[in-house]
Amino acid sequence: MSPSNTPVDSEDKTEEDSTPRDFIRDIVHEDMSAGRYPSVITRFPPEPNGYLHIGHAKSICLNFGIAEDFGGRCHLRFDDTNPTKEEQEYIDAIQEDVRWLGFDWGEHLYYTSDYFEQLYDWAEHLINEGMAYVDDLTADEIREHRGTLTEPGTNSPYRDRAIEENLDLFRQMRAGKFDNGAKVLRAKIDMASGNINLRDPVIYRIMHAEHPRTGAAWCIYPNYDFAHGQSDAIENITHSICTLEFEDHRPLYDWLIEHLTVPSEPHQYEFARLNLTYTVLSKRRLMELVSEGHVAGWDDPRMPTISGYRRRGYPAAAIRDFAGRIGVSKANATVEVQSLEACVRENLNENAERRMAVLNPLKVVIENYPEDQTEELDAFNNPNDESAGSRKVPFSKEFYIERDDFMEDPPKKFFRLAPGREVRLRYAYFITCTEAIKDDNGEVIELRCTYDPATKGGNAPDGRKVKATLHWVSANHAIDAQIREYEHLFTTEIPGAEGEFLDDINSDSLTVLANCKLEPALQDASESETVQFERLGYFCLDKDATAEKMIFNKTIGLRDTWAKTQAKTQAKGQQNK
RNA sequence: UGGGGCGUAGCCAAGUGGCCUAAGGCACCGGCUUUUGAUGCCGGCAUUCGGAGGUUCGAAUCCUCCCGCCCCAGCCA
């Protein structure tokens, strides 16, 4: 079951594997030890009505992960019972995303729609057993008859129709004799049940709609409750894992499995869905962000979708790692996004190659450096990993540094470049600032410096130290690029906690930097490989890039304690005023 | 007021009567290292498990009551 192309995290998985790590694995472990099943079979059952998001990733990692851990398998099953909401585009995107996450369903790709005929037969069986009936009540009337949370419902006047009549009507429903909503098929259970799902739940409805897979073959469709458990049974699913809101449906799930002649007896288990701070994670809301243009699409790098994260440069392994770290339980939980971001940083720190790029360039001229000279300096691709090798970086008289790395009148704890101060240029030389040239507005537009030829490579033979190391890009060799920086899409931890979630959208979630300078090696950057721009963060090529114009997404910044202390001292200054 | 769940540090989360004077991760706070103010390393961070009673030699783990939070009244999933 283990995908052959899964990168990283394959090392210390020796004896840990079969040991239970959450309550669901406990159950599976116990079932297997007791010999209740020959092998574990789980499934991931998305409805193709939107793109997968990080919450789905949790479920995917759980279902495929359990299959892997216990030597079983996991099916990918599209739960396509509502043709009015589902589309082929989503079916394709979902498969791509699950694969990208590193999971493989092998031959086991299924669709609930594959079972429509069987499901229909089971519905007739229920009718024949006197356990289902055709109801002519309107949707409103059915609601009225359902009672309330505290009061029992009342029987529909059609509840006791003869079996023959029900059969005849149901067949006419299938034959397209009625309009949408004219009739439904209901399971006959108990209108007084405390569990509202057992008050004669609707199991088939009339929908004259084109289905992405079955086309016009059907005009009646089973709903979730009537389709899910039976589909599980058909596929011999042993552990049907879903989220907490389906807990109330389990009695109905079990009721159907019990009263139908199904090929196996699956069991449903529920866990808490994922919530993330500063993030919205419901399909309805994500759909709204997309359709109303608040983001550029499902794969906008600010979206918590799998495709958004992919485009943003998050490694699949980081998402899998995150899913493992947050665990699985039944407690409603809201995980801090920082936890996800920590996984991304950890993975990228280990795997991303380093490059140099200047986001907000400030030109520097070295006065004592030969006019037309260019040196090719050695730079490590990953100082923490020798096997990543090294590359050459061109250095010359004029280059760019980050505007933030120079201050004319630096505060105490600032130890980057300033007039008269010496710093190191990474992999290059020590330079000392001699002059800051300003424009008419007093804005610093260029720096004049001198360099010490003896410090080539970055070390002084006399052993003198320097407090800062700056990144830089040679002016004549620089590639121009646009860089897109992102912040959280929302300004509040729980968007919509008070009021409309759209009101909490962060209007500064996207910043476009137009005049960035990249070292030449970045010429062959790719969308799928996130690199570190030293001292800044992680970045990857965006799909909008062209041959003429490079565009990078900022995946995530490096931890920045300097910025943090700055913010703190600023806050203090504010307080004292 | 019906039914189903949940409550262990700022956020996740182990723990299922005695190795718990409660794992681990994130966050946070110190220190060391460092040609990324990154990384790495070291140390700190719940005498307490929603609350109150009770059972027991012994309880986060068992019992009782109470409090709080989430889900359910789609012909959505």
Side-chain angles (χ1 to χ4, degrees), chain A residues 21-22 26 45-47 49 79 81-82 84-85 135 137-139 142-144 146-153 180-186 192-199 201-207 220-221 223-225 227-228 242-251 270 272 274 277 283-284 322 324-343 345-346 349-350 354 356 379-380 383-384 413-416 424-428 430 455 457-459 465-471 493 532-537 557-565:
Chain A
R21 300 197 303 270
D22 56 66
D26 281 347
E47 182 190 12
N49 68 344
D79 209 346
T81 59
N82 186 346
T84 65
K85 295 188 172 177
D135 198 343
L137 256 28
T138 64
I142 286 179
R143 187 181 322 116
E144 283 160 21
R146 192 152 29 224
T148 69
L149 294 179
T150 54
E151 297 158 336
N180 288 348
K183 287 178 168 40
V184 292
L185 183 69
R186 292 229 255 171
S193 174
N195 183 340
I196 288 178
N197 294 300
L198 262 21
R199 319 242 263 228
V202 169
I203 54 178
Y204 260 93
R205 64 300 207 199
I206 298 170
M207 288 176 132
I220 58 171
Y221 293 91
N223 68 356
Y224 169 87
D225 285 311
H228 207 94
C242 62
T243 43
L244 252 30
E245 66 270 28
F246 292 101
E247 227 159 2
D248 289 343
H249 293 244
R250 187 168 5 110
E270 312 85 12
L274 171 68
T277 56
K283 277 196 194 169
R284 191 214 105 212
F322 173 68
R325 288 193 202 185
I326 58 176
V328 178
S329 76
K330 299 192 68 158
N332 283 317
T334 300
V335 178
E336 296 174 327
V337 253
Q338 290 86 332
S339 187
L340 205 211
E341 294 169 346
C343 294
R345 285 199 183 94
E346 186 178 306
N349 173 54
E350 217 171 290
R354 290 352 44 164
M356 289 200 285
F380 294 115
N384 300 339
K413 279 182 282 186
F414 182 90
F415 46 81
R416 272 111 94 148
R424 170 169 41 231
L425 292 178
R426 174 136 245 225
Y427 298 125
F430 283 11
T455 58
N459 282 306
K465 301 290 184 198
V466 96
K467 292 211 55 171
T469 299
L470 271 40
H471 58 95
E493 284 206 344
Q532 181 190 106
F533 289 176
E534 293 215 43
R535 300 210 307 133
L536 297 174
L558 254 30
R559 236 179 227 99
D560 191 349
T561 51
W562 165 239
K564 208 180 280 179
T565 48

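Proteins come first, then strands; the chains are lettered A, B, ... in the order of their sequence lines, and each starts at number 1. No experiment lies behind these values; they were computed from the predicted model shown.
The closest side-chain heavy-atom distance from Ile206(A) to Lys183(A) is below 4.5 Å. A 4.5 Å side-chain heavy-atom check between Phe322(A) and Glu346(A) finds every atom pair outside the cut-off. No side-chain heavy atom of Arg424(A) sits less than 4.5 Å from a side-chain heavy atom of Thr455(A). Side-chain contact between Pro251(A) and Leu198(A) is present, with heavy atoms from C-beta onward closer than 4.5 Å. Counting heavy atoms from C-beta on, the side chains of Val337(A) and Glu493(A) never come closer than 4.5 Å. Residues Cys343(A) and Arg325(A) form a side-chain contact, since some pair of their non-hydrogen atoms from C-beta on lies under 4.5 Å apart. Two residues are said to be in side-chain contact when any heavy atoms from C-beta on lie closer than 4.5 Å; Lys330(A) and Leu244(A) meet this criterion.
Note on Glu247(A): only backbone sugar-phosphate atoms sit closer than 4.0 angstrom, heavy atoms only; bases stay farther off. Residue-level contact check: Arg426(A) touches the bases, meaning some heavy atom is under 4.0 Å from a base atom. At the heavy-atom level, Thr334(A) lies under 4.0 Å from the strands shown only through sugar-phosphate atoms. At a threshold of 4.0 angstrom between heavy atoms, the contacts of Ser339(A) are confined to the sugar-phosphate backbone, with no base atom among them. Val466(A) comes within 4.0 angstrom of nothing in the nucleic acid, heavy atoms only. Note on Glu151(A): nothing from the nucleic acid sits closer than 4.0 angstrom, heavy atoms only. Base engagement by Lys413(A) is indicated by at least one non-hydrogen atom pair under 4.0 Å involving a base atom.
Rounded to whole Å, the C1' atom of rG24(B) lies 14 Å from the corresponding atom of rU8(B). Comparing rG68(B) with rA52(B), their P atoms sit 16 Å apart, to the nearest whole Å. For rC70(B) and rU61(B), the C1' atoms lie 24 Å apart once the distance is rounded to whole Å. Distance noted for atom C1' between rG18(B) and rC65(B): 27 Å (whole Å). Nucleotides rG31(B) and rC57(B) have their C1' atoms positioned 45 Å apart, rounded to a whole Å. For rC28(B) and rA38(B), the P atoms lie 12 Å apart once the distance is rounded to whole Å. Separation of the C1' atoms belonging to rA59(B) and rC49(B) is 11 Å when rounded to the nearest angstrom. Rounded to the nearest Å, the gap between the C1' atom of rC26(B) and that of rA9(B) is 12 Å.
Pair check for rC41(B) finds rG31(B); Watson-Crick or G-U wobble, both atom distances under 3.5 Å. Remark: rA46(B) base-pairs with no nucleotide; criterion is Watson-Crick or G-U wobble with both hydrogen-bond distances under 3.5 Å. Remark: rC6(B) base-pairs with rG68(B). Criterion, Watson-Crick or G-U wobble with two distances under 3.5 Å. The nucleotide rC62(B) finds its pairing partner in rG54(B), both defining distances of the Watson-Crick or G-U wobble pair being shorter than 3.5 Å. Nucleotide rC75(B) forms a pair with no other nucleotide shown, judged by Watson-Crick or G-U wobble geometry with both contacts under 3.5 Å. The base-pairing partner of rA13(B), taking Watson-Crick or G-U wobble contacts with both distances under 3.5 Å, does not exist among the strands shown.
Scanning atom types as modelled, no donor and acceptor separated by under 3.5 angstrom connect the side chain of Glu350(A) and the base of rU39(B). Evaluation of atom-type donor-acceptor distances gives a pair under 3.5 Å for the side chain of Arg354(A) against the base of rU36(B).
Here Lys564(A) reaches the OP1 or OP2 of rC28(B): one of its side-chain N or O atoms lies under 4.0 Å away. Distances shown here put a side-chain N or O of Ser329(A) below 4.0 Å from the OP1 or OP2 atom of rA13(B). An OP1 or OP2 oxygen of rC12(B) is reached within less than 4.0 angstrom by no side-chain nitrogen or oxygen of Arg325(A). OP1 or OP2 of rG37(B) sits under 4.0 Å from a side-chain N or O of Arg535(A).
Other residues, nucleotides and ligands contribute at most 12 non-hydrogen atoms within 6.0 Å of the CZ atom of Phe380(A).
Rounded to whole Å, the distance from NZ on Lys467(A) to P on rU34(B) is 13 Å. Between the P atom of rC6(B) and the CG atom of Asn332(A) lies a distance of 10 Å, rounded to the nearest Å. Rounded to whole Å, the distance from CZ on Phe322(A) to P on rC11(B) is 15 Å. When the P atom of rG25(B) is taken as reference, atom CD of Glu341(A) falls 19 Å away, rounded to whole Å. Remark: P of rU34(B) and CG of Asn459(A) are 12 Å apart, rounded to the nearest angstrom. In this structure, Leu244(A) atom CG and rC6(B) atom P are separated by 8 Å, rounded to whole Å. Distance CG (Asp560(A)) to C1' (rC28(B)): 17 Å, rounded to an integer number of Å. Between the P atom of rG37(B) and the CD atom of Gln532(A) lies a distance of 10 Å, rounded to the nearest Å.
Going from atom CE of Met207(A) over to atom NZ of Lys85(A) covers 8.0 Å, rounded to the nearest 0.5 Å. Arg535(A) contributes atom CZ, which lies 10.5 Å from atom CE of Met356(A) (distance to the nearest 0.5 angstrom). In this structure, Asp248(A) CG and Glu270(A) CD are separated by 9.0 Å, a value rounded to the nearest 0.5 Å.
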Inset, instruction - Mark up nucleotides 72-77 of chain B, 5' to 3', with B wherever a protein heavy atom is under 4.0 angstrom from a base atom, S wherever such an atom reaches only the sugar-phosphate, and - elsewhere. - result: BBSBSB

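Along RNA chain B, the nucleotide closest to Ala333(A) and the one closest to Arg416(A) are compared, and the more 5′ of them pairs with Ala333(A). The nearest heavy atom of RNA chain B to Arg424(A) and to Val335(A) marks one nucleotide each, and the one closer to the 5' end goes with Val335(A).
A donor and an acceptor atom, one from each side chain of Thr469(A) and Arg426(A), are nowhere located under 3.5 Å apart.
In this structure, of rC26(B), rG15(B), rU36(B), it is rU36(B) that holds the atom nearest to the side chain of Leu558(A).
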Dump the pairs, protein N or O against N or O of nucleotides 8-10 of chain B, anything under 3.5 Å, distances to one decimal.
unit_1, atom_1, unit_2, atom_2, d
rG10(B), N2, Glu336(A), OE1, 2.8

Inset, instruction - Decide side chain to side chain donor-acceptor pair (under 3.5 Å) for Ser193(A) and Asn195(A); before the verdict, give the C-alpha distance in whole Å, the side-chain angles of both, and the deciding distance to 0.1 Å. - result: CA-CA 5 Å; Ser193(A) 174; Asn195(A) 183 340; 5.4 Å; no

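rG74(B) takes the syn form, because its glycosidic angle lies no more than 90° either side of 0.
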